[in-house]
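Data block below; observations after.
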Amino acid sequence: MTAAAIDARGLGKDFGAVRALDRLDLEIRDGEFFGLLGPNGAGKTTTVHLLATLLAPSRGTARVAEHDVVREGLAVRRSIGLVFQDTTLDRDLTVGENLRFAARLWSLPDRVARPRIDALLHQFELRERRDDPVRTLSGGMRRAADIARGILHEPRILFLDEPTAGLDPRARRSLWEQIRALRAASGLTVLLTTHYVEEAEPCDRVAVLDRGRLAALGTPPELKRAVGATSLEEAFLAHTGHHLAETDGG
Amino acid sequence: MRAVYGIVAREFVRFWRQRGRVLASIGRPFVWLVFAGGGFAAVFAGRSEIDYRVYMAPGLLGMVVMFGSLLAALSTVTDREAGVLRMVLVAPIRRSTVAFGKTLGATLLGTAQAIVVAAILLPCVQLRPTLAGMLLGLVALVLSGLALGALGVVLAASIRSIENFAGVMNFVVFPMLFLSGALYPVRHLGPVLRAVAYVNPLAYGVDLLKHALLSRWAGAGYGGELPAPLDCAALALFAIVGLAVAAPLLGREGGVTRAAFRDRR
């Protein structure tokens, strides 16, 4: 049996007096498509940033790709890709320049990076936009370029933090198509955060996060069955006692 | 290291693409030369052994390197606002590598701008430095760029947003310029201002540039005022301390997750 891709034990984070994440226990298996579902402010992004070593935990520990997030930050960052909620691309650089910049940050030699960038631009249908500044791209294309940037170094684990935020339905659909194709091709472990219940449906397992606490964990059918719900939306309501939208302070 | 190269290359591409910035950096010293230089030269005409515009030349080169390096390093603030800093911080490189890359990019940009300006400015004021003078001048530009670039990264990592930028310009850049010896000798300042001048990295940079370019007037008191090795050591110290301070500041949590934290309110 292989070790877990992500193993968090009592992981928590406070921002001043605000308890962003209480004590999270979470084990995500290699190759799993894992959803972190919850309203804004539930602690989803905090969890991702803790696992990506961008934040130091206030308590607990976590191992990502078998490396400790506090002591082995570089090794953790080498194994993960992270697509942030907001774009991280340099708007003044072209799509190609952004990817080349990322390749250098990840220390990929040019002879490795060049064919990979070509392949990713093809896969994400950005080939014609390669020499256009990112500023001129639509939201959907920008997000696609962000994801291409996130997987350029072929990470073992990919974090997608609210990847569909601000995208129109068509861009959303093509994004899910791309993520599905990626997983099929590489067996990539994906941790997705979302506050849209329907986006969590295709996940292998879903953790429901509410006010910094783990409210429920299981496969989508399990979550529904446990409370006799017919939809994940209903299940969320039963597990947390309120609707997703209610606490959506965004 | 490839990551450092990537960070430096990006600085150059960005600079080159902002044509306004290129023109401003090349044009700025000549505006000073014509307007400030012309005025002061008239005031001091006939009273000193050196034409004021010649005296000003090292200071103007120091000014170019200061604006070039400091502004490039301060672009870290924009990197954070635009989110690019997150891409850098989630890469498998140390915070100190990021700080060094930013500082080196700023240094090379500032130095390149100063070399271009020197190629036009020095013939304009009929200053012909010796080969040794040119080499020392280059050392002065690079060391000043490192010290000011590191300072810029520290400032950028400390200030929260681009709105504080004007404050930095008024309370850091202008005092630094006036207390650098670029426009008048530091030794004529009162004890308090002189003390402030000596915690100013640009003062050492301009002093070293005067060693390089004005050695002919050293006897008349217009050359460098401090020993050149001391200037070098001071600049190196500023750079090293700046880099050491900048690295942890850059990775500070607020920089990365501020946006996420704000969502909770």
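Heavy atoms only: backbone and side chains are in, while hydrogens, waters and symmetry mates are out. Each chain gets a letter, A, B and so on, in the order its sequence line appears, and its residues count up from 1.
By number of non-hydrogen pairs under 4.5 angstrom with chain B, the leading residue of A:Val76, A:Asp161, A:Asp146, A:Leu89 is A:Leu89.
Under a cut-off of 6.0 angstrom, the local environment of OH in B:Tyr5 is sparse, with at most 12 non-hydrogen atoms contributed by other residues, nucleotides or ligands. In this structure, B:Arg19 places its CZ atom where more than 12 heavy-atom neighbours from other residues, nucleotides or ligands lie under 6.0 Å away.
Using a 4.5 Å cut-off between non-hydrogen atoms, the part of residues 95-115 of chain A that approaches chain B consists of A:Glu97, A:Asn98, A:Phe101, A:Ala102, A:Arg104, A:Leu105, A:Trp106, A:Ser107, A:Leu108, A:Pro109, A:Asp110. At a heavy-atom cut-off of under 4.5 Å, chain B is reached by A:Arg149 from residues 149-159 of chain A, listed in order of number. Of residues 91-104 of chain B, those residues with a non-hydrogen atom less than 4.5 Å from any non-hydrogen atom of chain A are, in numerical order, B:Ala91, B:Pro92, B:Ile93, B:Arg94, B:Arg95.
By the side chain to side chain contact (heavy atoms under 4.5 Å, CB included) test, A:Ser138 is found to be paired with A:Met141, residues two or more places apart in sequence or in another chain being considered.
Between atom CG of residue A:Asp90 and atom CZ of residue B:Arg10 there is a gap of 4.0 Å, rounded to the nearest 0.5 Å. Put simply, CG on B:Leu89 and CG on A:Leu82 are 11.0 Å apart, with the number rounded to the nearest 0.5 Å.
Of the atoms belonging to A:Arg78, heavy atoms from both backbone and side chain fall under 4.5 Å from chain B. Using a 4.5 Å cut-off between heavy atoms, B:Ala9 touches chain A through its side chain atoms alone.
Here the closest heavy-atom approach between residue A:Leu93 and residue B:Arg17 is recorded as CA-NH1, 4.0 Å.
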